[in-house]
K.L.:
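Here it is, the structure in full.
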Protein chains: 2
Amino acid sequence: MPAPTPAPSALPARRRAGRPTAAILDQDGITTAALELISNKGYDGLTMAALARSLGVAPSALYNHVASKDDVLLLVEDHLAAMVDVSAFGVEPWDAAVRRWAWSYRDVFSEHTPLIPVIAVLPVANAPKTLAMYEAVTAGFRDAGFPEEKIISAIVALEAFVFGAAYDVTAPEDIFDAGNLAEQVPNFTAAVDRLALERHARPTDVAFSLGLEALITGFGALRG
Amino acid sequence: MPAPTPAPSALPARRRAGRPTAAILDQDGITTAALELISNKGYDGLTMAALARSLGVAPSALYNHVASKDDVLLLVEDHLAAMVDVSAFGVEPWDAAVRRWAWSYRDVFSEHTPLIPVIAVLPVANAPKTLAMYEAVTAGFRDAGFPEEKIISAIVALEAFVFGAAYDVTAPEDIFDAGNLAEQVPNFTAAVDRLALERHARPTDVAFSLGLEALITGFGALRG
DNA sequence: GATATAAATGAATGGCATTCATTTATTGGT
DNA sequence: ACCAATAAATGAATGCCATTCATTTATATC
């Protein structure tokens, strides 16, 4: 049967199918809209349908510009990588530069932990800004006298710590409350209670600092 | 209209609805079936439908024993926590015990990275075996002369590193291949190539060892 | 023996990413 | 100046997924 003639939609000037004067969508716009959506509704709210809606477009239109939802996540990841602070490398001493980099790396991704499984396994060739971050860090290590064969390993180790710590930031405060099992784990409970007495900074920041300083000290000793 | 009388199913002795002589399902059986399924089909294959099928049961039956799929993941996680090797604490020296614990922790969860977002944020009260692991580690730190107020922070930091490293294990080998962007990141590319010349162990193991030894050294100095 | 309960069934439900045929304005070639 | 190819949109499927619900019934409890 012939398709019924669509009633000429009088109301909200609905766009008709077909190539428009200028493309509505591009990867930059999709990235920006995704970030906005994530910021407002979190990663649960980031659906292809919601993303399309926020761009005033049908969901299927997105697939002219990205291959999949994972592709969207990759775009977001690469955008965030550019926000990580590598500016101290080559300016400040090596240890201070690492410290700045690692803290900002953690802070950026602690708001975006659902990306971590994506990044951790992402070939860098698909993420130019991420690659640029690695380049800056690598150059910083090299110029600081780091033996070349250990640079990547050191960065990988630091990154592992950063990613794990990013999760930790999002954990509930009472994650270590053993509840009614407390009597069965006296050492653990005592240590948790003891930590709670220290009221300096967020526990997650204390742990991050403790680990990061150990890594910086340990890696610093490798420099020639 | 009245429900049509169901034909008395002659064939595969299909179970009828209603309370059976003994419960078919329990949390242990669900956990075991989930692990089997994960082992065979990976986490993508772990659906409530597949889990139910492997148990010879309707999907909805699972919900008499678990509240949600996340609940299943929690059961799996706690089972795995019991496989982490804490046996060296109190037997071997502190640094050797930490080494054994961290390596085995990483190895166990590198096969189960989809659990990491669950664990990292999981209140320990819901995971008794995980809690038992923490108790053993905490006692080991305390007996090694670790100041009590730093024990939890040190464990959290080590755990963060372990989780991040577990992801790294699953990364593709050529993750650092910059492809056609290689010229734009000369330092990075050189460092990646230089590492490739070292053919001792898996790169992921080299990085883990490097980071872990730095953490052990750094934390070891905190002992009284 | 009556009643309540636990544990199963199977049929919805609603959300999700993704695919596909179709439409049409623009671009580039002749 | 026409014409073919293409890019970019639509909207209607598709199939998978977790979860809910009314219903059934064997067993346990009073």
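Residue numbers begin at 1 in each chain, while the letters A, B, ... track the order of the sequences. Computed from a predicted model, the values in this text were never measured in an experiment.
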K.L.:
Paired stems touching DNA chain C, three or more consecutive Watson-Crick or G-U pairs with both distances under 3.5 Å?
P.N.:
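The stems that DNA chain C takes part in, listed by first number, are C:1-30 with D:1-30.
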K.L.:
Heavy atom of residues 63-72 of chain A under 4.0 Å from DNA chain C: which residues?
P.N.:
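Residues of residues 63-72 of chain A that come under 4.0 Å of DNA chain C are, in numerical order, A:Y63, A:S68, A:K69.
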K.L.:
What is the 5' to 3' range of DNA chain D, first to last nucleotide, that sits under 4.0 Å from any heavy atom of chain B?
P.N.:
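First and last nucleotides in contact are D:dC17 to D:dT27.
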K.L.:
Scan residues 34-85 of chain A for pairs that pass ring-ring contact (aromatic ring centres under 6.0 Å, His included), counting only residues two or more places apart or in two chains.
P.N.:
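Listed by first then second residue: A:Y43-A:H112.
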K.L.:
Tell me, which pairs form a salt bridge (charged side-chain N to carboxylate O under 4.0 Å, His left out) where one or both residues lie in residues 189-198 of chain B, sequence neighbours left out?
P.N.:
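Residue pairs passing salt bridge (charged side-chain N to carboxylate O under 4.0 Å, His left out), neighbours aside: A:E149-B:R194, B:R194-B:E198.
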K.L.:
Can you name the nearest heavy-atom pair linking B:V66 to B:D71, along with the distance?
P.N.:
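Residues B:V66 and B:D71, closest heavy atoms: CA-OD2, 3.6 Å.
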K.L.:
Only counting residues at least two apart or in another chain, list the ones meeting side-chain hydrogen bond (donor to acceptor under 3.5 Å, both in side chains) with A:E77.
P.N.:
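So A:E77 forms a side-chain hydrogen bond (donor to acceptor under 3.5 Å, both in side chains) with A:T130.
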K.L.:
Can you give me the closest heavy-atom contact between B:T113 and B:A166, atom names plus distance?
P.N.:
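Taking B:T113 first and B:A166 second, the nearest heavy atoms are CG2-O, 3.7 Å.
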K.L.:
Kindly write out the residues that satisfy ring pair (Phe, Tyr, Trp, His ring centres under 6.0 Å) with A:F208, not counting sequence neighbours, or none if the list is empty.
P.N.:
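Here the qualifying residues are A:W103, A:F161.
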K.L.:
Not counting sequence neighbours, which residues clear side-chain hydrogen bond (donor to acceptor under 3.5 Å, both in side chains) with B:R202? List them please.
P.N.:
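Checked B:R202 against side-chain hydrogen bond (donor to acceptor under 3.5 Å, both in side chains); matches are B:D205.
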K.L.:
Quick check for you: to the nearest 0.5 Å, what is the distance between B:L122 atom CG and B:I119 atom CD1?
P.N.:
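Nearest 0.5 Å value for the CG-CD1 distance: 8.0 Å.
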K.L.:
ring-ring contact (aromatic ring centres under 6.0 Å, His included): which pairs involve residues 171-192 of chain A, sequence neighbours left out?
P.N.:
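Every ring-ring contact (aromatic ring centres under 6.0 Å, His included) pair that includes a residue of residues 171-192 of chain A, provided the two are not neighbours, is A:F176-A:F188, A:F176-B:Y134, A:F188-B:Y134.
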K.L.:
Using a heavy-atom distance cut-off of less than 4.0 Å, which residues of residues 33-43 of chain A contact DNA chain C?
P.N.:
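Hits under 4.0 Å, by residue number: none.
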K.L.:
Quick one: does any side-chain atom of A:T32 pair with a main-chain N or O of A:D28 as donor and acceptor, under 3.5 Å?
P.N.:
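Between the backbone of A:D28 and the side chain of A:T32 there is a qualifying donor-acceptor contact (under 3.5 Å).
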K.L.:
Any donor-acceptor pair under 3.5 Å linking the side chain of B:T31 with the backbone of B:Q27?
P.N.:
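Flag set: sc B:T31 to bb B:Q27 pair under 3.5 Å.
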K.L.:
Without swapping roles, check the side chain of A:S110 against the backbone of A:D107 for a donor-acceptor pair under 3.5 Å.
P.N.:
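Confirmed, A:S110 side chain pairs with A:D107 backbone.
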K.L.:
Mind running a 4.0 Å heavy-atom check of residues 44-57 of chain A against DNA chain D and sending the residues that fall below it, in number order?
P.N.:
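A:V57, in order of number.
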K.L.:
Is the B:F163-B:Y167 ring centre distance short of 6.0 angstrom?
P.N.:
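No, ring centres 6.0 Å or more apart.
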K.L.:
Considering all heavy atoms of both residues, which atom of A:V206 and which atom of B:S153 are nearest to each other, and what is their separation?
P.N.:
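The pair with the smallest heavy-atom distance is CG1-OG, 3.6 Å.
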K.L.:
Return the value, rounded to whole Å, for the distance between atom CD1 of A:I24 and atom P of C:dA25.
P.N.:
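One finds 13 Å between P of C:dA25 and CD1 of A:I24, rounded.
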K.L.:
Between side-chain atoms of residues 45-54 of chain A and protein atoms elsewhere (two or more places apart, or another chain), which donor-acceptor pairs fall under 3.5 Å?
P.N.:
from	atom 1	to	atom 2	distance (Å)
A:T47	OG1	A:A50	N	2.9
A:S54	OG	A:L51	O	2.9

